Every structure is written in structure tokens, then in C-alpha cells.
Trainee: 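Here it is, the structure, as C-alpha cells.
Side chains are part of it too, since the values below use all heavy atoms of this structure and drop only hydrogens, waters and symmetry mates. The chains referred to below are lettered A, B, ... by the order of the sequence lines, with proteins before strands, and numbering in each begins at 1. The shown structure was predicted, so the numbers you read here are calculated from the model rather than taken from an experiment.
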There are 2 protein chains.
Amino acid sequence: MKMIETLRSRIDLPDDICQILLRAAIKREVGKNNILFQPPRVNRKCLFIEAGLVRGYKLIDGKDYTHHFFTPGWFATDFESFISNRPASLYIETLTRCSYLEFDREVLYRLYEEHHALEKLGRIIAEKAYLFTVEKLTDLQTLDLKGRYQNLTRKNPELFRQVPQKYIASYLGVSEQSLSRIKGR
Amino acid sequence: MKMIETLRSRIDLPDDICQILLRAAIKREVGKNNILFQPPRVNRKCLFIEAGLVRGYKLIDGKDYTHHFFTPGWFATDFESFISNRPASLYIETLTRCSYLEFDREVLYRLYEEHHALEKLGRIIAEKAYLFTVEKLTDLQTLDLKGRYQNLTRKNPELFRQVPQKYIASYLGVSEQSLSRIKGR
DNA sequence: TCCAGACATTCACATTTGTTAAGAAATCAC
DNA sequence: GTGATTTCTTAACAAATGTGAATGTCTGGA
């Protein structure tokens, strides 16, 4: 998934601005099961995923909580750490071979200052991240496990073919056994 | 709580920009137990709360889910509806007498276009909303009721003196009886 | 002051989910 | 292929939470 087309579907970007953005990025490829970011190191990069699947998770008291699956078109980073410039709490690892564009925090924020259009892009990305998160929060607050599971299978069916089920379970906020139980019906 | 001081604590704003922002706002006061926004009407306003307490909640299958308590310094709106210009799902009501500054969506977005500094302000507000939401989501995903309750009493103790407990219960994602049970220890 | 309505607590019981453990199934490395 | 490892399912039991009902408490209005 090419970045410029993706961004242009969300916001109008002139050609010269696109070139500036592309020149700020480093294209990388990496194999599966690589840890890209590790707490508590501050997250000074964000990665536009072009292909592959990336998982963000937290380790708390030895337990693994999946926070997000980054799919092509998303920026993979510990957004909390990236925004606030504070220590990260999110592990970010590839689940498959991935290709992505890497942006540096300082470079990106300088571009925000220099170009109003990129500042606007930053706003829209932040708004999009908010919308996604608040939807997930509402699901967790108002639906039982069955409802959340059905929601996810409807919105993102291919996830179940790519991701170990225990990760999906922790993403939905339950144990893997509970998820297995629900599936049986 | 004055808006300009609050915003300036988060971002550097020149005097002339502040004046432009203030001229776009309408100052209002309203008594307690008033519904300010009601679904499914699209939320075309957002309200900077200067004083008082506002609750945002959803009604799903007749059940009441508290989504957020807007305190002074916050913008009260159905941010989902406001951003996307789609029908709202959030009821917004005053819990106490309130004073606030009202902004119109079209006016505000035009100011974003006209002034880079306000676009940046919009980005930072969206980022802040994201940070708050993701923290609440992580709490819900990783803590049991006791932990979430203790978190809330630590972060916002005065809430318990101002808000009926059943609203706090639904805010924490449990029934009022469960919250009452936990408190007893 | 008194009453009606809203709110909080408590209980019993049903339901859901977590936990531990065991074994089956699938996947990976060699 | 084959063995080792990981993942998935199932079961039994414990713990947490939801539900409905009864009761007590508080509050605001007539």
C-alpha cells in the first residue's frame, strides 16, 4: 500500500508537499518476528506500514496485552511516547515480513512547523487515531465478549487467518480460553 | 477557568491569534440538568468548559453508559460526530450550573485553514484527546474493577463528591451494585 | 413538615470470565 | 520426515460481575 495515495484519500496534498514528505522517509524491510521498538526507550520514530502486519503490546506483571494490530496504511509507533516524548510502554513487533517508511520525530515535527498542509495532516492522523481508539473503548464498555468477537470478525476477518488466537484474545480483553469458549457457538 | 491561559499552557499562541479565537466564541451560561446535545443530530458545536461539570453518555438498549466527564479546561462535544460530521451518539448534559464558550464547527475549521497556529492547536487538542482515551482503554483492558476504582479516586477524587455514583459505575464499565460492593473494602 | 422520587446498599442467585491443568492439533526447525 | 515447540481446545473449579428485589437513605418540592 503506497503512502501518498493512502494519505491523499484522507486529505488534499499538493505534489511538492508529497515530495518533501517522501524525502523525509527511509524505506526499510524486515522479516517476521522482529521487535522494532522496545520500552522504556522513547519512541522517536514512526513507521508507515506499506505491507505486512505489526503488533503493539504491553507486558504488565508478565502478562501480554495486545494493544493494536498495525495493518498497511497505519503508522506503527507508541503514539503516546511519540507525542509526549516520554518513555514508551509499548513493544512493537512484526508478525510477518514487513516493508515500511520510517519517519523521525524531530524531522516530522519540523515539517509540521514549516508546512501548514503537513500540520493539517498531523491533525487528521491524530483525529483518526482518536476515532479508532474511542470506538474500541465503547465496544469494551458496552458489549460482551460475544459482541466484540462478532464485531471484529465482521470488520477484520482476515486477521484471524494471520494472527495467533491468543493475541486476538488479549486484544479483545479476555483470556485465550474464554475466546475459545465463545467460538464454539 | 479561562480558556486562553489554559490553551497557552499547552501551546504558544500569539496575542492576535488569541483575539481571533475569542471573537469566534459565544459565551453562555446554563443551569444544571440541561441537555446540551442530543443524538442523532450532528454535533456542529464544541464547548470550552470554563466552570461546572458536564457528562457525556450513550443510551444503548435503554442502558446508560457514561462516556466522559467534561471538567473545566475540556472541550465538551461528541468529538466523533464533530470530526466526522456524522450523526451523534452522545448525549451531553450539565450536572451543575455551567459557563462555557461555544464554537461553531464551520467557523473553527475555517480558522484552522486560515491560521497555521490554530491548525496546530487543533492537532494538539486531538492528540490530547487521544492520549486520554488510550489511557482509559488500557485501564479497562489491564486492570480489574478495584484497580480502576483506585486509579480514579487518586486522579480525580472530587468527582465522587459531585457525581451520582451510578454514573461513575458506568464510567468504570460496571453495574452500580458492583461498584458499591468494591467500595466496602 | 411531609411526601415522592432518586440514589445507595445489601442480599441471593445466575451468568460470565479467570485459572489451572491436561491433551489434541498445528507449526517449526533440523 | 521427525521431534520439539507452540498453539488451540476442553474441562473443572474458583472468582468476579450482572440481575432483580428489598430496604434504607437522602433530597427537593409542595
Trainee: Tell me, please, which residues at least two apart from B:Tyr149 pass ring pair (Phe, Tyr, Trp, His ring centres under 6.0 Å).
Mentor: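 Partners of B:Tyr149 under the ring pair (Phe, Tyr, Trp, His ring centres under 6.0 Å) test: B:Phe160.
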Trainee: If you link ILVMFWY side chains whenever their heavy atoms are less than 4.5 Å apart, which other residues fall into the same cluster as B:Leu137? By chain and number, please.
Mentor: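 Same cluster as B:Leu137: A:Leu137, A:Leu140, B:Leu140.
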Trainee: For every nucleotide of nucleotides 22-30 of chain D, 5' to 3': is a protein heavy atom under 4.0 Å from its base (B), only from its sugar-phosphate (S), or from neither (-)?
Mentor: ---------
Trainee: Which residues, ordered by chain and number, are linked to B:Ile35 in its hydrophobic cluster, where ILVMFWY side chains connect at heavy-atom gaps below 4.5 Å, directly or through other members?
Mentor: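 Noted: B:Ile35 shares its cluster with B:Tyr57, B:Leu59, B:Tyr91.
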Trainee: Would you kindly check if the NZ (Lys) or CZ (Arg) of A:Lys45 is within the cone defined by 45 degrees around the ring axis of A:Tyr100 and under 6.0 Å from the six-membered ring centre?
Mentor: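 So A:Lys45 doesn't make the cation-pi contact.
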Trainee: Within residues 158-168 of chain B, which residues have any heavy atom lying less than 4.0 Å from an atom of DNA chain C?
Mentor: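 Contacts with DNA chain C under 4.0 Å: B:Pro164, B:Gln165, B:Lys166.
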Trainee: When the aromatic ring centroids of B:Phe48 and B:Phe103 are compared, is their separation below 6.0 Å?
Mentor: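 So the answer is no for these two rings.
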Trainee: Between the side chains of B:Arg105 and B:Asn43, is a donor N or O closer than 3.5 angstrom to an acceptor N or O?
Mentor: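 No, no side-chain donor-acceptor pair sits under 3.5 Å.
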Trainee: Which of residues 137-145 of chain A sit near DNA chain C, with a heavy atom under 4.0 Å from it?
Mentor: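 By residue number: A:Leu145.
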Trainee: Pairing donors with acceptors under 3.5 angstrom, does anything connect the side chains of B:Lys183 and B:Gln165?
Mentor: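 Side-chain D/A pair, B:Lys183 to B:Gln165: present.
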Trainee: Suppose we screen for side-chain hydrogen bond (donor to acceptor under 3.5 Å, both in side chains). Which residues come up paired with A:Gln38, at least two apart in sequence or across chains?
Mentor: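 A:Gln38 satisfies side-chain hydrogen bond (donor to acceptor under 3.5 Å, both in side chains) with no other residue.
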Trainee: Do we see a donor-acceptor contact under 3.5 Å between the side chains of A:Asn34 and A:Thr94?
Mentor: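 Their side chains do not contain a donor-acceptor pair, so the 3.5 Å distance test is not met.
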Trainee: Please list each protein N or O that sits under 3.5 Å from an N or O in nucleotides 19-25 of chain C, with the distance.
Mentor:
{"residue": "C:dT19", "atom": "OP1", "partner": "A:Lys63", "partner atom": "NZ", "Å": "3.3"}
{"residue": "C:dT20", "atom": "O4", "partner": "A:Gln177", "partner atom": "NE2", "Å": "3.1"}

Trainee: Would you kindly give the CG-to-C1' distance between A:Leu179 and D:dT7, to the nearest whole Å?
Mentor: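 Distance, rounded to whole Å: 13 Å.
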Trainee: Roughly how many Å is it from NZ in A:Lys183 to C1' in C:dT17, rounded to a whole number?
Mentor: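 Atom NZ in A:Lys183 sits about 18 Å away from atom C1' in C:dT17.
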Trainee: Whole angstroms only, please: what is the CG-C1' distance between A:Leu95 and C:dT27?
Mentor: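 Rounded to the whole Å, the gap is 15 Å.
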Trainee: Within this structure, what is the CG-to-C1' distance between A:Asp64 and D:dT7, rounded to whole angstrom?
Mentor: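 These atoms are roughly 14 Å apart.
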Trainee: Could I get the full list of side-chain hydrogen bond (donor to acceptor under 3.5 Å, both in side chains) partners for A:Arg55, not counting sequence neighbours?
Mentor: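 Partners of A:Arg55 under the side-chain hydrogen bond (donor to acceptor under 3.5 Å, both in side chains) test: A:Asp64, A:Thr66, A:Glu93.
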Trainee: Going by atom types alone, do A:Arg154 and A:Asn151 pair a side-chain donor with an acceptor below 3.5 Å?
Mentor: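 A:Arg154 vs A:Asn151: donor-acceptor pair found between side chains.
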Trainee: Looking just at side-chain N and O atoms, do A:Ser178 and A:Ser175 make a donor-acceptor pair shorter than 3.5 Å?
Mentor: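 Present: a donor and an acceptor within the cut-off.
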Trainee: Whole Å only: how far is the OH atom of A:Tyr149 from the P atom of C:dT17?
Mentor: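 Roughly 14 Å, once rounded to whole Å.
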Trainee: Could you pull out all donor-acceptor pairs under 3.5 Å where a side-chain atom in residues 115-127 of chain A meets a protein atom, sequence neighbours excluded?
Mentor:
{"residue": "A:His116", "atom": "NE2", "partner": "B:Tyr112", "partner atom": "O", "Å": "3.0"}
{"residue": "A:His116", "atom": "NE2", "partner": "B:Glu119", "partner atom": "OE1", "Å": "3.1"}
{"residue": "A:Glu119", "atom": "OE1", "partner": "B:His116", "partner atom": "NE2", "Å": "3.1"}
{"residue": "A:Glu119", "atom": "OE2", "partner": "B:Arg123", "partner atom": "NE", "Å": "2.3"}
{"residue": "A:Glu119", "atom": "OE2", "partner": "B:Arg123", "partner atom": "NH2", "Å": "3.2"}
{"residue": "A:Lys120", "atom": "NZ", "partner": "B:Glu113", "partner atom": "OE2", "Å": "2.8"}
{"residue": "A:Arg123", "atom": "NE", "partner": "B:Glu119", "partner atom": "OE2", "Å": "2.3"}
{"residue": "A:Arg123", "atom": "NH1", "partner": "A:Glu127", "partner atom": "OE1", "Å": "3.4"}
{"residue": "A:Arg123", "atom": "NH1", "partner": "A:Glu127", "partner atom": "OE2", "Å": "3.0"}
{"residue": "A:Arg123", "atom": "NH2", "partner": "B:Glu119", "partner atom": "OE2", "Å": "3.2"}

Trainee: Restricting to ring pair (Phe, Tyr, Trp, His ring centres under 6.0 Å), what partner residues turn up for A:His68, sequence neighbours left out?
Mentor: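 With sequence neighbours excluded, A:His68 shows a ring pair (Phe, Tyr, Trp, His ring centres under 6.0 Å) to A:Phe70, A:Trp74, A:Phe132, given in chain and number order.
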Trainee: Taking CD1 from A:Ile182 and C1' from C:dT17, how many angstroms apart are they, rounded to a whole number?
Mentor: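 Interatomic distance, CD1 of A:Ile182 to C1' of C:dT17: 9 Å.
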Trainee: Expressed in angstrom and rounded to an integer, what is the separation of B:Glu176 atom CD from D:dG18 atom P?
Mentor: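 To the nearest whole Å, that distance equals 11 Å.
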Trainee: Is it the case that atom CZ in B:Arg10 sees more than 12 heavy atoms from other parts of the structure closer than 6.0 Å?
Mentor: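 Buried by this count: over 12 neighbours within 6.0 Å.
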Trainee: Counting distance only, does the side-chain N/O of A:Thr138 pair as donor-acceptor with the main-chain N or O of A:Val134 below 3.5 Å?
Mentor: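 Yes.
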Trainee: End-to-end bend of the helix from C:dT1-D:dA30 to C:dC30-D:dG1 (five-pair axes, 10° rounding)?
Mentor: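 End-to-end axis angle: 50°.
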